[in-house]
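Heads up: the structure comes next, in structure tokens.
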Amino acid sequence: MKNAFLSAALLATATTAASADGFYWQHIDPDPRPFAFGAMFTSDTEFEGYGVSDVVEGFFESNFIPIEDFLFGELELGVWAHAYGFVDNPNMKAVPHALLDASFNAGYVLRFDNGWAWRLWARPGVYSDPSAPAFGCPAGLSFFFTATDELSFEIGGTVRPGWDVPVIPNVGLKFRPSDVFELELGCPRSHVTLFPDHIVSFFATAEWRNTTYMLDDDDEHMPDKLTMDDILATAGVTLRLFGAIDLTGEFGTFLEREISADVEKDKGVDLSKDSFVRVTVGGAF
């Protein structure tokens with residue numbers, strides 16, 4: 001990495017979004033919402049072979065203004081927090097009352113005048129039972145290519161040491177041919193929107209989520225790790241108020257859903273494929 005920064009060729013061709021090359025990266029340039037928070041509720045989730053519990057999820061994110069001209073690139077900073085709450089214990093000793101992933105997000109973006117760019121990022125934080133915080137640091141590298149101002153591609157991956165799936169791909173394309181249609185097709189998330197950035201917009205999403213949490217080693221009933229793994233699909237609508245605040249409502253269903261722990265040879269338990277609702281508020285402070 002240090003050699004790359006010292007390379008004369010790299011410094012000669014690196015450029016920021018404000019430079020004269022005129023490129024627009026669909027994956028990089030759209031302004032992230034300065035903040036968003038919300039909740040998701042799934043009723044009467046069945047833990048196969050065990051019991052039933054309502055599951056509540058809460059989340060918050062905040063993206064700071066990128067710092068341009070940072071080591072010939074851009075520095076991206078933000079925070080993220082997401083939590084599961086199990087309203088009733090489904091008669092499983094390995095399931096705590098709550099699970100938390102909360103991180104400080106830092107990314108470095110370097111662009112080139114031939115349409116290529118890359119982003120290196122890390123998310124150090126807590127990934128555990130909140131009553132026994134444990135540190136983790138997923139990190140990733142993605143390469144982007146801008147074919148036109150309307151179309152860009154991504155290929156890369158995320159490394160997550162000690163997790164159930166230690167490496168996941170970050171691949172896909174993002175296409176916005178007009179101000180009435182946007183398509184993001186890839187893994188781990190795909191998203192299609194009608195009338196993006198309008199007063200009312202409609203969307204559909206498919207997403208794979210996989211997170212491993214460290215649990216309390218001092219509790220003899222708890223395994224060392226627990227993984228939540230699911231694939232979900234949603235449809236929803238966003239209402240933009242005063243040009244700044246987004247109110248979003250979604251209805252979705254789980255296509256696959258499993259909880260697993262490092263006991264009895266990483267025993268996995270299927271969860272019922274229930275429907276859920278999710279509400280999000282986002283926008284400017």
Can Thr253 and Leu232 be said to form a side-chain contact (heavy atoms from CB on, under 4.5 Å), step by step?
CA-CA 6 Å; Thr253 188; Leu232 54 85; over 6 Å; no
Given Phe202 and Thr193, is the side-chain contact (heavy atoms from CB on, under 4.5 Å) satisfied, shown in steps?
CA-CA 6 Å; Phe202 305 90; Thr193 307; over 6 Å; no
Ionic contact status for Arg257 with Asp274, cut-off 4.0 Å:
yes
Drop me the distance from Leu141's CG to Ile155's CD1, to the nearest 0.5 angstrom.
10.5 Å
Among side-chain atoms of Thr158 and Asn170, is any donor-acceptor pair under 3.5 angstrom?
yes
Are Lys174 and Asp29 close enough for a salt bridge, meaning some N to O gap below 4.0 Å?
no
Return the minimal non-hydrogen interatomic distance between Ser131 and Pro133, and the atom names on each side.
C-CD, 3.7 Å
Check whether the side chains of Asn105 and Ser103 place a donor and an acceptor atom closer than 3.5 Å, and report yes or no.
yes
Do Leu120 and Leu110 sit in one hydrophobic cluster, given that two such residues count as connected whenever their side-chain heavy atoms are within less than 4.5 Å of each other, even indirectly?
yes
Is it the case that the side chains of Asp129 and Tyr213 hold a donor-acceptor pair, with the cut-off being a distance below 3.5 Å and no angle test?
no
For a 4.5 angstrom cut-off between non-hydrogen side-chain atoms, does Met92 reach Phe47?
yes
Apply side-chain contact (heavy atoms from CB on, under 4.5 Å) to residues Phe143 and Phe153 and explain how you reach the verdict.
CA-CA 8 Å; Phe143 295 89; Phe153 299 89; over 6 Å; no
Spell out, yes or no, whether Val55 and Val277 are grouped together once hydrophobic residues are joined by side-chain heavy atoms under 4.5 Å, including indirect joins.
no
Residues in ring pair (Phe, Tyr, Trp, His ring centres under 6.0 Å) with Phe144, at least two apart?
His27
Ser142 versus Gly157, closest heavy-atom pair with distance:
OG-N, 4.4 Å
Spell out, as yes or no, whether a donor-acceptor pair under 3.5 Å connects the side chain of Gln26 to the backbone of Asp149.
yes
So how far is it from Lys273 NZ to Ile231 CD1, rounded to the nearest 0.5 Å?
10.0 Å
Can you pull out every ring-ring contact (aromatic ring centres under 6.0 Å, His included) where at least one residue sits in residues 156-192? Sequence neighbours excluded, please.
Tyr127-Trp163, His191-Phe203
Measure the CG-CG distance between Asp229 and Leu271 for me, rounded to the nearest 0.5 Å.
10.5 Å
Using the ring pair (Phe, Tyr, Trp, His ring centres under 6.0 Å) criterion, which residues pair with Tyr84? Sequence neighbours excluded.
His82
Once rounded to the nearest 0.5 Å, what's the spacing between atom CG of Leu151 and atom CZ of Phe145?
9.0 Å
Within the 3.5 Å criterion, strictly below it, is a donor on Thr45 or Ser272 matched to an acceptor on the partner's side chain?
no
Pairing donors with acceptors under 3.5 angstrom, does anything connect the side chains of Thr146 and Trp25?
yes
In Å, rounded to the nearest 0.5 Å, how long is the span from CG of Asp179 to CG of Asp197?
9.0 Å
Are the side chain of Asn89 and the backbone of Val95 linked by a donor-acceptor contact shorter than 3.5 Å?
yes
Atom CD1 of residue position Ile168 - does it have more than 12 heavy atoms of other residues, nucleotides or ligands inside 6.0 Å?
yes
Phe86 side chain near Leu99 side chain, heavy-atom distance below 4.5 Å
yes
Any side-chain to backbone donor/acceptor pair from Arg160 onto Val165? Under 3.5 Å, distance only.
yes
What one should report as the nearest heavy-atom pair of Pro169 and Pro188 is O-CD, 3.7 Å
Count I, L, V, M, F, W, Y as connected when their side-chain heavy atoms are under 4.5 Å apart, and connections chain through other members. Are Val52 and Met40 then in the same cluster?
no
Hydrophobic cluster identity match, Leu226 and Phe135, side-chain contacts under 4.5 Å:
no
Is the shortest side-chain N to carboxylate O distance from Arg111 to Glu74 below 4.0 Å?
yes
Compare every heavy atom of Pro223 with every heavy atom of Ala261, then report the nearest pair and how far apart it is.
CB-CG, 3.6 Å
Could you check if a side-chain atom of Leu247 sits within less than 4.5 angstrom of a side-chain atom of Thr238, using non-hydrogen atoms only?
no
Can Leu194 be reached from Val180 by stepping across I, L, V, M, F, W or Y side chains whose heavy atoms are under 4.5 Å apart?
yes
Sequence neighbours left out, what pairs pass ring-ring contact (aromatic ring centres under 6.0 Å, His included) with at least one residue falling in residues 228-256?
Phe254-Phe276
Ring pair (Phe, Tyr, Trp, His ring centres under 6.0 Å) involving Phe195 - partner list, sequence neighbours excluded
His198
Is it the case that over 12 heavy atoms from other parts of the model lie below 6.0 angstrom from the CD atom of Glu207?
yes
Give, for atom CG of Asp164 and atom OG1 of Thr212, the distance between the pair rounded to the nearest 0.5 Å.
5.0 Å
Flag the pair Asn210 / Thr227 as yes when at least one side-chain heavy-atom distance between them is below 4.5 Å, and no otherwise.
yes
Identify the residue among Thr234, Thr205, Thr280 that makes a side-chain hydrogen bond (donor to acceptor under 3.5 Å, both in side chains) with Glu250.
Thr234
Closest approach of Ala83 and Leu100, non-hydrogen atoms and distance?
CB-CD1, 4.2 Å
Between Gly268 and Ser260, what is the shortest heavy-atom contact and its length?
CA-CB, 3.8 Å
Verify side-chain contact (heavy atoms from CB on, under 4.5 Å) between Phe60 and Val79, making sure each step is shown before the conclusion.
CA-CA 8 Å; Phe60 170 81; Val79 293; 4.1 Å; yes
Partners meeting side chain to side chain donor-acceptor pair (under 3.5 Å) with Thr42 (sequence neighbours left out)
none
